Visitor: 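Have a look at this one.
First listed ligand is number 1; within each ligand, the first listed atom is number 1. Since this is a predicted model, take the numbers as computed values, not measurements.
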Amino acid sequence: MKKLVYLDYQATTPVDPYVFAAMQPYWMENFGNPHSEGHPFGWEAREAVELARSRVADFIGADDDEIVFVSGATESCNLALRGVAMSERQERRQIITLTTEHVAVLETVQWLGNHGFDVVALPVKSDGLLDLRELESTLNENTLLVSVMLVNNEIGVIQPLREISAICREVGAIFHTDATQAAGRIKIDVDELGVDLLSLSGHKVYGPNGIGALYVRNRPGMRIAPLLTGGSQERGIRPGTVASPLVVGLGKACAIAHHQLEHDVKRLEAMGCRLLAELKRDFPNLRTFGNMEQRVPGSLSIGVPGVLGERLVEVASGKVAISTGAACATGSPEPSHVLLALGLEPEVAVTGVRISLGRFTTDDEVDTASEVLRWALKSMMMGS
Ligand SMILES: *Cc1c(COP(=O)(O)O)cnc(C)c1O
């Protein structure tokens, strides 16, 4: 029997074998507390953590002291948004985001809205991209923060961050981006993008689960209130002992993603295009969701009229693992908030499935996926 094909890389990625190898000594041999200053156990762990920090910094074009290690992108987004909003001497009250953000941002912004901030979730165009005029007409001298994701986790579209950051700069608003899905799929450079805060997650870039980073630009007026109390680690922004094995893994994962970005992108592009073409050949009425140019390679958001996405996922699940939307939202029978935000009718939105390829996807697996999905779609259409 063939192995189950994994095409849900947007939900999580397997750990790269080189990442696994790099982490190994830090569990049982070099297990020291990186904050122990009196002996070599501490020094070794500290050195590994600092090497990882510079690898993460290099990966996004930042300085080492602008990287704060946290438990994942959810915490990173919370720390960025709450940390800025709750810091002292904050006079501005408006916070702007998009309706298509990950819940880590959306629900945090909503929480701030319930705690005295004036929050706005801007709509997107039918291709999933922000209409810059919407931002221009909403933002003003009272805007504290703007949070717009670099790459969407369901439809894979790339938001125009350079243009957005230029608009934010005009009024002095702080700009945060959730770049979790961009890592390893497009180049990330904090200066080119013009962002002040950026969130990353280990398990979306072939690193371990339970680790992430927040980039905090060294700039006047940038103050982050910690979410936790209890220590001065990570410049007091994120108290608690740094998880050295996980941090080492994140550093290695970023170094690999940096080094082989072009290689990964080329493969993903080719395999993704082929899979889409094969599905479209048999199902000419197949719809794609989200802008088809401004998107990351190897990520498809598609639907066939009359075929419930949930059912397709289920029928395929013995052979191919795909999903209907964000893993964090599964279990809810509602159509994806992202597809609805594109202005799709609910009966169209419920046809949506997300197929995402990754570094370890092979041509053979694409063949299998193509066969299985076409078989599943055909059988479902006969049954309907
Ligand atoms: C997965 C994901 C998150 C959450 O990351 P965790 O590290 O699992 O907390 C946030 N934003 C986006 C866009 C994601 O894809």
Visitor: Would you mind telling me which of Val70, Leu198, Val68 makes a side-chain contact (heavy atoms from CB on, under 4.5 Å) with Ser76?
Guide: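 Going through Val70, Leu198, Val68 one by one, the side-chain contact (heavy atoms from CB on, under 4.5 Å) with Ser76 is satisfied by Val70 alone.
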Visitor: Aromatic rings Phe59 and His258: how do their planes relate, parallel, tilted or perpendicular, breaks at 30° and 60°?
Guide: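 Phe59 and His258: perpendicular rings.
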Visitor: Of Ser76, Gly207, Ala179, Ala73, which has the heavy atom at the shortest distance from atom 6 (P) of ligand 1?
Guide: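 Shortest heavy-atom distance from atom 6 (P) of ligand 1: Ala73.
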Visitor: Compute the shortest N/O to N/O distance between Thr74 and ligand 1 and return yes if it is under 3.5 Å, no if not.
Guide: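 Right, the criterion is met.
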Visitor: Under 4.0 Å from a heavy atom of Gly72: which atoms of ligand 1 are those, numbered in the order shown and with their elements?
Guide: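 Listed by number with element, the hits are 7 (O).
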Visitor: Examine the side chains of Glu371 and Thr368 and answer whether a donor and an acceptor come within less than 3.5 Å of each other.
Guide: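 No pair is found: no donor N or O on one side chain lies under 3.5 Å from an acceptor on the other.
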Visitor: So, do Phe31 and Tyr26 have ring centers that fall under 6.0 Å from each other?
Guide: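 Not under 6.0 Å, so no.
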Visitor: Among Glu101, Lys204, His203, which residue places a heavy atom closest to atom 1 (C) of ligand 1?
Guide: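 That would be Lys204.
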